2 protein chains.
Amino acid sequence: MTELLWGRQQQRSRGPKPAITLTEIAEAGIRIADIEGLDAVSMQRVADDLPVTKMALYRHVPGKTELVAVMSDLAIGPPPEHPAQPWRQALKTWAFDLYAAFAKHPWLLQSTIGRRLLGPNELTWMDRGIRALTDSGLSGGEQFDSILVLTSHVRNIAQQTITTGLTEEHINRALADILTTEAARFPSLTAALTTAGGSENQGLEFGLDRILDGLEALINARKDCASAG
Amino acid sequence: MTELLWGRQQQRSRGPKPAITLTEIAEAGIRIADIEGLDAVSMQRVADDLPVTKMALYRHVPGKTELVAVMSDLAIGPPPEHPAQPWRQALKTWAFDLYAAFAKHPWLLQSTIGRRLLGPNELTWMDRGIRALTDSGLSGGEQFDSILVLTSHVRNIAQQTITTGLTEEHINRALADILTTEAARFPSLTAALTTAGGSENQGLEFGLDRILDGLEALINARKDCASAG
DNA sequence: CAGTACTGTGTCCGGCGGACACAATTAACG
DNA sequence: CGTTAATTGTGTCCGCCGGACACAGTACTG
């Protein structure tokens, strides 16, 4: 598993030349997931696209879990390069870049959840985020937790905005129906949504600014403390 | 679907008395998911526990998707009651309550992701969260987005801390191995993790405080603006 | 040239969600 | 009170899934 994600490929000696490579398999999977969603990615489906037999894939990848892991790290890719910026601006562009990556491959929201083995690209994203906070005066754990908060926010907004399925309208209509018939049970929610006036869709930036405000407050407090001591 | 989640049950007329109810089915599913995880919940497995035939379930629920939805709303339950508090403290206890709910039924982290039809309990959670911000001076959309940010943070921390599988140790060891052999590729991340000193596990409160700090700053800014105008 | 390691193929399995026809039950109606 | 019709749970069947395993062809090594 680690070997796969980190590209440790032992050189081949005897035997027929492989007709396909791990990268080609992953790319085929990505292609399918991009168009038809992650659920459409089955061993059979990937094999048909190459085209080889389904069991041929198992010569290059131990199972579907590992295939999805390789697909994910390959699809998310490395974070884009940017000129050096102050930490706040750096984190903001970092967050928008991450959102863009999720927008490009919506199925990454499904495949990169929970405790799992991380690939090099995903780790690079984390490293790049933490780098922005290196000179902030926060402790290592605080830097880590800060990036975690930002990541979860970006993920959540992406999940809310990026409409994977076509049930979008149906869900919204159902919610509207419920909120009109059962408004009495959810007074605060109803009030908030009626004054909200529909889809402002600025959730990403709003939450981002709040989190960054909170971080800035902590960083400033630490700086004051350091200069005073 | 809406009828199921919202308990609209039409009264029965002719025919044999139902041997099982929707609630019993959902409870059986919850029981299985709590012990063996959400993946162990199959129609066959749920039916065996009741015990009835698998196809009997389809008389009460249209499909597995709907069953999981009913299970989820039933398992998360209504948010606990608390005496009135200032908004910040209210949101903090609300967040901890939500975390506790996820800790009680870890599979809720899997089953309640993405755009979906919300049940009454889940909506009550949202309503209760927004209620804390009703008199904050924030707009309805801002109140909504604030709760969204808090929810995503709690979810993310729960996913990080609550160990569903037994691969925990294996993953950590693999990550440690990689960070030692490939430390040069991830300098900032390595530095942050080495100074962090392992599992402080205060991620929930840290992020919570930062987000609440950010919200407080916005609320205060609005108040100043209002009093000045 | 012989041996051997490696690749892709074909077949098979258990389990999954779900469609459909059927038998059994029970309330409503003449 | 008997008949009818609606509703319940059962059994069988299907296609798809991930994966195990034996087998045949290929290409390098001695």
Side-chain angles (χ1 to χ4, degrees), chain A residues 1 3-4 8-26 28-29 32-33 35-72 107 110-111 116 165 167, chain B residues 1 3-4 8-26 28-29 32-33 35-72 107 110-111 116 165 167:
Chain A
M1 183 63 200
E3 307 77 40
L4 283 183
R8 290 246 149 274
Q9 52 199 3
Q10 62 264 14
Q11 65 221 4
R12 30 174 271 89
S13 55
R14 280 184 272 191
K17 301 169 187 171
I20 51 177
T21 66
L22 174 61
T23 309
E24 286 171 353
I25 297 178
I32 298 172
I35 298 177
E36 308 174 41
L38 190 60
D39 293 339
V41 177
S42 71
M43 297 307 244
Q44 189 66 64
R45 185 78 176 71
V46 172
D48 288 347
D49 273 24
L50 283 174
V52 287
T53 319
K54 150 180 102 164
M55 291 315 291
L57 304 182
Y58 288 95
R59 296 287 177 193
H60 302 85
V61 85
K64 197 193 175 181
T65 309
E66 291 79 4
L67 169 59
V68 174
V70 175
M71 281 172 53
S72 300
W107 49 273
Q110 292 175 245
S111 65
R116 67 197 179 285
T167 54
Chain B
M1 183 66 199
E3 308 78 39
L4 284 183
R8 291 244 148 273
Q9 52 199 3
Q10 62 264 15
Q11 65 220 3
R12 31 175 273 87
S13 56
R14 279 184 271 193
K17 301 170 187 171
I20 51 177
T21 66
L22 174 61
T23 309
E24 286 170 352
I25 298 177
I32 299 172
I35 298 176
E36 309 175 40
L38 190 61
D39 293 339
V41 177
S42 72
M43 297 305 244
Q44 189 65 63
R45 184 80 176 72
V46 172
D48 289 347
D49 273 23
L50 283 174
V52 286
T53 319
K54 148 179 105 164
M55 290 315 291
L57 304 181
Y58 288 94
R59 295 288 176 194
H60 301 85
V61 83
K64 197 193 174 179
T65 309
E66 291 79 4
L67 169 59
V68 174
V70 174
M71 282 172 54
S72 301
W107 50 273
Q110 293 175 243
S111 65
R116 67 196 179 284
T167 55

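Every chain is numbered from 1, with letters handed out A, B, ... down the list of sequences. None of these values were measured; they are calculated from a predicted model.
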Could you tell me how far apart [X] ([atom1]) and [N] ([atom2]) are, to the nearest whole angstrom?
| X | N | atom1 | atom2 | answer |
| --- | --- | --- | --- | --- |
| A:R45 | D:dG18 | CZ | P | 12 Å |
| A:Y58 | D:dC17 | OH | P | 11 Å |
| A:K54 | C:dT7 | NZ | P | 20 Å |
| A:D39 | D:dC17 | CG | P | 11 Å |
| A:Q44 | C:dT11 | CD | C1' | 13 Å |
| A:L57 | D:dG18 | CG | C1' | 12 Å |
| B:L38 | C:dC16 | CG | C1' | 14 Å |
| B:K17 | D:dT7 | NZ | P | 17 Å |

Task: Closest nucleotide among D:dT10, C:dT7, C:dG17 to the A:R59 side chain - done: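 Of all the options, the side chain of A:R59 is nearest to C:dT7.
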
TODO: Among C:dT26, D:dG19, C:dG8, find the nucleotide with the atom closest to the side chain of B:P16.
DONE: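 Given the options C:dT26, D:dG19, C:dG8, the side chain of B:P16 is closest to C:dT26.
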
Open item on the list: Ignoring hydrogens, what is the shortest heavy-atom contact between B:I32 and B:A40? Give both atom names and the distance.
Closed with: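 Of all heavy-atom pairs spanning B:I32 and B:A40, the closest is CG2-O, 3.9 Å.
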
Does the side chain of [Y] come within less than 4.5 Å of [X]'s, by heavy atoms?
| X | Y | result |
| --- | --- | --- |
| A:V70 | A:I25 | no |
| A:L67 | A:M43 | yes |
| B:H60 | B:P18 | yes |

- [ ] Look at all strands and tell whether A:M43 reaches a base, only sugar-phosphate, or nothing, counting heavy atoms closer than 4.0 Å.
- [x]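 Sugar-phosphate contact only - A:M43 comes under 4.0 Å of backbone atoms but never of a base.
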
Task: DNA chain C: 5'-proximal contact among A:V52 and B:S42 (nearest heavy atom) - done: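 Result: A:V52.
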
Task: Closest-nucleotide 5' rank along DNA chain C - winner of B:R14 and B:M55 - done: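 Mapping each residue to its closest nucleotide by heavy atoms, the 5'-most match is B:M55.
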
Open item on the list: Reading DNA chain D from 5' onward, which residue's closest nucleotide shows up sooner: A:G63 or B:H60?
Closed with: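 Between the two, 5'-proximity favours B:H60.
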
- [ ] For the pair B:T21 (side chain) and B:E24 (backbone), establish whether a donor and an acceptor sit closer than 3.5 Å, ignoring hydrogens and angles.
- [x]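 Indeed, once roles are kept as given, a pair shorter than 3.5 Å links the two residues.
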
